[in-house]
Amino acid sequence: MRTSWADSVENAASGSSDNHGTGGGLAPTMPTYIPPHLRNRPPILESPAPSFSGPPSGNDRGGGYTGPAGGSRWAGGSRPDFGRQGYSTGGRGSSGWGNRGGWDRGRDREVNPFGNDDIDDDAEHAFSEQENSGINFDAYEDIPVETSGNNVPPPVNTFAEIDLGEALNLNIRRCKYVKPTPVQRYTIPISLAGRDLMACAQTGSGKTAAFCFPIISGIMTGNFAQRPRGTRTVYPLALILSPTRELSCQIHEEAKKFAYQTGVKVVVVYGGAPINQQLRELERGVDILVATPGRLVDMLERAKVSLQMIRYLALDEADRMLDMGFEPQIRKIVEQMDMPRLGERQTMLFSATFPKEIQRLASDFLSNYIFLTVGRVGSSTDLIVQRVEYVQESDKRSHLMDLLHAQKANGVQGKQALTLVFVETKKGADSLEHWLYNNGFPATTIHGDRTQQEREQALRSFKSGNTPILVATDVAARGLDIPHVSHVVNFDLPNDIDDYVHRIGRTGRAGKTGLATAFFNDNSMSLAKPLADLMQEANQDVPAWLTRYASRVSYGGGKNRRSGGGGRFGGRDYRRDTSFNRGGGGTDYYGGNSSSGYGNYGGGYGPGVTSAWD
DNA sequence: AAAAAAT
């Protein structure tokens with residue numbers, strides 16, 4: 001049995017070494033966490049000594065790409081060849097960049113995104129939980145993966161099997177990635193084969209790398225027409241769209257790491273920041289453009305950006321973008337500007353859910369695509385202890401303070417455990433932040449009424465532990481990967497259970513454990529049933545009073561279960577192909593489920609499986 | 001009803 005709230009916090013913060021015996025909450029089957037660097041040794045990375053012998057000097061692209069030129073990369077050469085050599089496949093010394101124009105854009109003073117420590121990852125200290133390799137790979141072992149479509153390339157088990165080139169391999173090593181996550185195991189070969197992809201997957205499990213690696217590799221090895229110069233229009237080769245500014249920044253940060261010293265230039269553009277600065281950055285050269293839709297449309301209309309050289313298009317969090325009303329902008333970008341047509345570009349569509357609107361998008365944007373569904377890390381909320389407390393509106397603040405005090409007393413804050421507090425409104429966020437601050441709790445806030453600068457500052461301050469309490473609206477609910485959030489408080493519960501799932505997904509990231517506390521009262525009654533069901537399915541302790549409320553409320557189950565309408569959600573390939581591959585070590589994740597065992601992915605609330613939270 | 005995103 002779980003003992004006290006304080007213990008829960010401790011468990012949540014302790015990095016999961018003591019998951020057993022806590023009874024209902026934590027996954028009883030979670031193995032003890034072993035840092036990846038202590039497993040799978042020696043590292044699976046190919047290419048022994050010489051290629052990794054040291055970081056190339058800043059003046060070099062890392063030796064260039066020496067693998068076989070990707071003959072099969074474009075699916076049997078069916079793709080048009082733009083004819084001219086753009087990026088050199090890599091004779092060392094003969095940088096493709098040099099050929100392209102005389103000025104070494106893209107590698108002048110490239111900041112090392114890895115900091116100083118660079119490649120020595122074996123020192124024990126290098127493996128504090130700080131590293132993003134704190135991913136619990138064991139949690140990935142039995143993740144269900146299913147693919148369908150024509151001629152699905154087989155997944156790989158190691159990075160060594162994938163021919164990404166030395167420079168990229170070096171960065172993979174710098175990132176301390178030991179082995180590919182499931183989404184990477186499948187997505188990378190699919191993408192390298194030049195195929196379009198519809199993927200139901202979550203971030204925080206390697207999705208960004210999954211679509212960045214092949215794009216970067218493709219740009220390094222591909223042949224591209226000389227891009228027009230002498231104009232102020234820029235011609236990126238790849239476009240990555242994402243719904244929020246912070247997500248775009250996050251993707252940009254990651255992509256820069258992967259592209260370090262490859263000569264591939266990644267630039268991000270988004271609203272709320274001075275456009276001129278972004279334009280200047282673009283003019284210094286861009287291969288991969290990461291963007292939010294609004295700002296990109298703006299730039300397209302001003303003819304600052306042309307899409308006619310796009311060879312790779314990735315849409316991240318597609319369902320969220322539609323939710324936010326971006327469909328017109330997205331369709332404009334993809335269909336009504338100068339984007340190459342279907343089949344002349346490679347498109348990857350990522351979405352947590354697969355309702356009709358996304359299916360339409362898939363059939364409009366994708367050509368002969370492969371459909372991929374990746375289950376979540378652990379079964380959704382396995383790694384998250386969920387608590388619900390009945391708190392009257394007027395008592396919420398003092399109750400929150402009690403929680404925070406208890407946390408402090410536990411020394412959790414001393415360890416820089418972070419607490420993310422969700423509220424319903426922007427005003428509410430501000431006022432709660434002030435109140436916390438005035439009461440001695442270092443807090444900051446993120447919501448849509450703050451300037452972009454303030455938002456980014458808030459996120460930085462939170463991540464760094466300077467203000468270990470972040471009060472947020474739903475702008476922060478999805479996709480953001482903030483390490484070390486050990487506690488999510490639903491100060492105001494959302495109206496939609498999906499939003500709840502996304503919010504609590506900000507903790508328990510990457511195989512770590514987390515705690516989620518919800519303040520429930522009469523205002524949240526519509527959530528009683530879906531919440532009780534969700535918690536039940538996640539093997540959480542459901543308070544008796546919540547069960548009573550749940551049974552009393554008869555409405556609210558339909559929509560939240562996504563039973564009909566959007567179809568068997570979760571990632572059913574509605575084209576109904578029959579060639580399924582099953583991955584994830586062959587474990588039938590859904591064994592024992594009397595239903596099809598297939599329609600319950602992601603947002604379908606099958607046993608233990610809830611909506612993918614990203 | 002609120003939130004997000006272009007100005």
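Residue numbering restarts at 1 for every chain, and letters A, B, ... go by the order of the sequence lines. Values reported hereafter were calculated over all heavy atoms of this structure, with side chains retained and with hydrogens, waters and symmetry mates removed.
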Quick one: does any side-chain atom of A/H447 pair with a main-chain N or O of A/T425 as donor and acceptor, under 3.5 Å? no
Side chain of A/M324, heavy atoms from C-beta onward: which of B/dA3, B/dA6, B/dA5 has the nearest atom to it? B/dA5
Tell me the ring-ring contact (aromatic ring centres under 6.0 Å, His included) pairs involving residues 334-353 of chain A, sequence neighbours left out? A/F211-A/F350
Considering every strand and a 4.0 Å limit on heavy-atom distances, what is the contact class for A/Q452: base, sugar-phosphate, or nothing? nothing
Identify which nucleotide among B/dA6, B/dA4, B/dA3 has an atom closest to any side-chain atom of A/T425, counting heavy atoms from C-beta outward. B/dA3
Quick check on B/dA2: is either OP1 or OP2 less than 4.0 Å from any side-chain nitrogen or oxygen of A/K427? no
Reckon A/D298 touches a base, only the sugar-phosphate, or nothing at all at heavy-atom distances under 4.0 Å? base
Under 4.0 Å between a side-chain N/O of A/R455 and OP1 or OP2 of B/dA5, yes or no? yes
With a non-hydrogen cut-off below 4.0 angstrom, is A/G325 in contact with a base, only sugar-phosphate, or nothing? nothing
Counting just side-chain N and O atoms, does A/T292 come under 4.0 Å of either OP1 or OP2 of B/dA6? yes
Think A/K529 forms a cation-pi with A/Y549, using NZ or CZ under 6.0 Å from the six-ring centre and within 45 degrees of its axis? no
Using a 4.0 Å heavy-atom cut-off, does A/P494 contact any base of the nucleic acid, only the sugar-phosphate backbone, or nothing at all? nothing
A/D499 side chain to A/P494 backbone, donor-acceptor under 3.5 Å: no
Picking from B/dA3, B/dA1, B/dA5, the nucleotide nearest the side-chain atoms of A/K426 would be B/dA3
A/R245 side chain N/O closer than 4.0 Å to the phosphate oxygens (OP1, OP2) of B/dA5? yes
